[in-house]
There are 2 protein chains.
Amino acid sequence: MTSTDADGTPILRPTRQRIAVAQAMASFHDFRSAQEIHELLGRRGERVGLATVYRSLQRMVEGGEVDLLRTEDGEAIYRRCSDTHHHHLVCRSCGATVEVEGPAVERWTRAMADEHGFADVSHTLEIFGTCPACR
Amino acid sequence: MTSTDADGTPILRPTRQRIAVAQAMASFHDFRSAQEIHELLGRRGERVGLATVYRSLQRMVEGGEVDLLRTEDGEAIYRRCSDTHHHHLVCRSCGATVEVEGPAVERWTRAMADEHGFADVSHTLEIFGTCPACR
DNA sequence: ACTGAGTTGACAACGATTCTCATTCCCTTG
DNA sequence: CAAGGGAATGAGAATCGTTGTCAACTCAGT
């Protein structure tokens with residue numbers, strides 16, 4: 001069994017690899033695939049296995065330090081994110097993203113769920129468009 | 001080169017297979033994966049190749065007759081849908097879905113996009129939860 | 001029937017992700 | 001500081017959904 005912290009949080013060791021992935025995530029502001037991150041680390045001279053990159057990202061997603069979303073063809077892309085709940089405005093051509101948030105949507109989704117008796121509600125909302133620079 | 005209709009719509013033949021897939025899609029109201037649809041057809045005695053199921057679904061998505069979305073692990077799931085723009089409330093455990101719509105979200109996303117100068121805007125919004133029956 | 005383009009199916013190929021497992025690393029304890 | 005044990009890693013195999021290949025087939029129009 002996995003040992004846990006006092007509050008049930010699984011213990012994570014700050015290994016060289018995990019630190020490298022965290023730093024990589026801190027170095028850009030848009031969404032990247034696991035493979036891109038792996039490649040980026042390689043170019044920097046940090047030798048980290050691809051499987052480890054996937055594992056690290058998973059943990060970071062579970063821990064809420066990183067956002068995960070899917071491209072249209074189902075590939076997972078990651079981005080570090082602030083700790084508040086929010087959504088993304090993503091540029092279709094250059095991938096630039098802007099975090100947006102607002103109580104309106106939160107309230108609306110909650111209301112819809114209540115209305116239909118759904119519990120344990122979560123939601124995903126992404127807005128795609130062409131950013132000013134790419135027009 | 002692919003021949004097209006007068007208005008540029010590619011010509012599609014109403015083959016036995018395509019009709020079978022369309023009927024299958026008409027026979028349920030929630031999201032199903034391509035493989036599930038393929039299996040369903042098999043059980044009905046309709047012999048349709050898996051690749052053909054994928055191809056048919058792709059065409060239906062392009063034609064706007066079917067909605068495509070992704071499960072959390074990136075698998076594509078399909079559902080026939082009405083022609084109005086709407087979103088889905090999806091049960092995490094049984095897959096039941098409810099179509100929901102409302103001008104609030106539409107307005108909000110539009111406003112966010114305008115605010116940041118994004119053009120050609122589209123958005124995806126899915127709400128996940130546990131339906132009354134599954135609690 | 002003849003023809004040509006659209007379609008199909010079986011199977012190979014692909015690509016992202018996960019699993020396996022022997023090895024290595026990080027911590028804590030003595 | 002050496003030892004021990006569980007966590008973490010890496011390399012490659014394995015999964016699995018999805019797409020590509022290509023010869024055989026089917027439909028619509030002549």
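Keep in mind that the numbers below use all heavy atoms, side chains included, and drop hydrogens, waters and symmetry copies. Source: prediction; values computed, not measured. Just so it is clear: chains get the letters A, B, ... in the order the sequence lines come, proteins before strands, and each one is counted from 1.
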Notebook entry, point to check: If you take atom types as modelled and just measure distance, does the side chain of R70(B) reach the base of dG17(D) with a donor-acceptor pair under 3.5 Å?
Noted result: no
Notebook entry, point to check: Whole Å only: how far is the CD atom of E75(B) from the P atom of dT19(D)?
Noted result: 12 Å
Notebook entry, point to check: Between R47(A) (CZ) and dT24(C) (P), how many Å, whole number?
Noted result: 16 Å
Notebook entry, point to check: Could you state the CG-P distance from L50(A) to dG12(D), rounded to the nearest angstrom?
Noted result: 12 Å
Next item on the list: Find the distance R16(A):CZ to dC26(C):C1' and express it as a whole number of Å.
Entry: 14 Å
Next item on the list: Verify the contact: side-chain N or O of Q35(A) to OP1 or OP2 of dA16(C), cut-off strictly under 4.0 Å; return yes or no.
Entry: yes
Check: Judged by atom type as modelled, is there a donor-acceptor pair below 3.5 Å linking the side chain of R79(A) to the main-chain atoms of L69(A)?
Finding: no
Next item on the list: In whole angstrom, give the distance that lies between atom CD of E72(A) and atom P of dG15(C).
Entry: 20 Å
Next item on the list: Sequence neighbours left out, what passes side chain to side chain donor-acceptor pair (under 3.5 Å) with R55(A)? Give chain and number order.
Entry: T52(A)
Item checked: Aromatic contact, H85(A) with H123(A) (centres under 6.0 Å) -> yes
Note to self: So if I take every side-chain heavy atom of T15(B) and compare against dT18(D), dT9(D), dT8(C), which nucleotide ends up nearest?
What the structure shows: dT8(C)
Item checked: Whole-Å distance separating the CZ atom of R59(A) from the P atom of dT18(C) -> 12 Å
Item checked: Contacts of Y54(A) that satisfy side chain to side chain donor-acceptor pair (under 3.5 Å) - sequence neighbours left out -> Q35(A)
Next item on the list: State whether the distance check finds a donor on one side and an acceptor on the other, under 3.5 Å, for side chain R13(B) versus base dA5(C).
Entry: yes
Next item on the list: Take S33(B) and P14(B), find for each the nucleotide of DNA chain D with the closest heavy atom, and name the residue whose nucleotide sits nearer the 5' end.
Entry: S33(B)
Notebook entry, point to check: What nucleic acid atoms does Q58(A) come within less than 4.0 Å of, heavy atoms only: base, sugar-phosphate, or nothing?
Noted result: sugar-phosphate
Note to self: Can you tell me which nucleotide in dT19(D), dC27(C), dG10(D) comes closest to the side chain of Y54(B)?
What the structure shows: dT19(D)
Note to self: Under a 4.0 Å threshold between the charged nitrogen and the carboxylate oxygen, would E39(A) count as salt-bridged to R43(A)?
What the structure shows: yes
Checklist line | Residue Q17(B), side-chain atoms from C-beta onward, closest of dG9(C), dT7(C), dG10(D) | finding: dG9(C)
Checklist line | Which nucleotide in dA11(D), dT17(C), dT7(C) has an atom nearest any side-chain atom of A51(A) | finding: dA11(D)
Check: Is the base of dG6(C) touched by the side chain of R55(B) through a donor-acceptor pair closer than 3.5 angstrom?
Finding: no
Check: Within this structure, what is the CG-to-P distance between L57(A) and dA16(C), rounded to whole angstrom?
Finding: 15 Å
Note to self: Can you measure H38(B) atom NE2 to dC16(D) atom C1' for me and round it to whole angstrom units?
What the structure shows: 15 Å
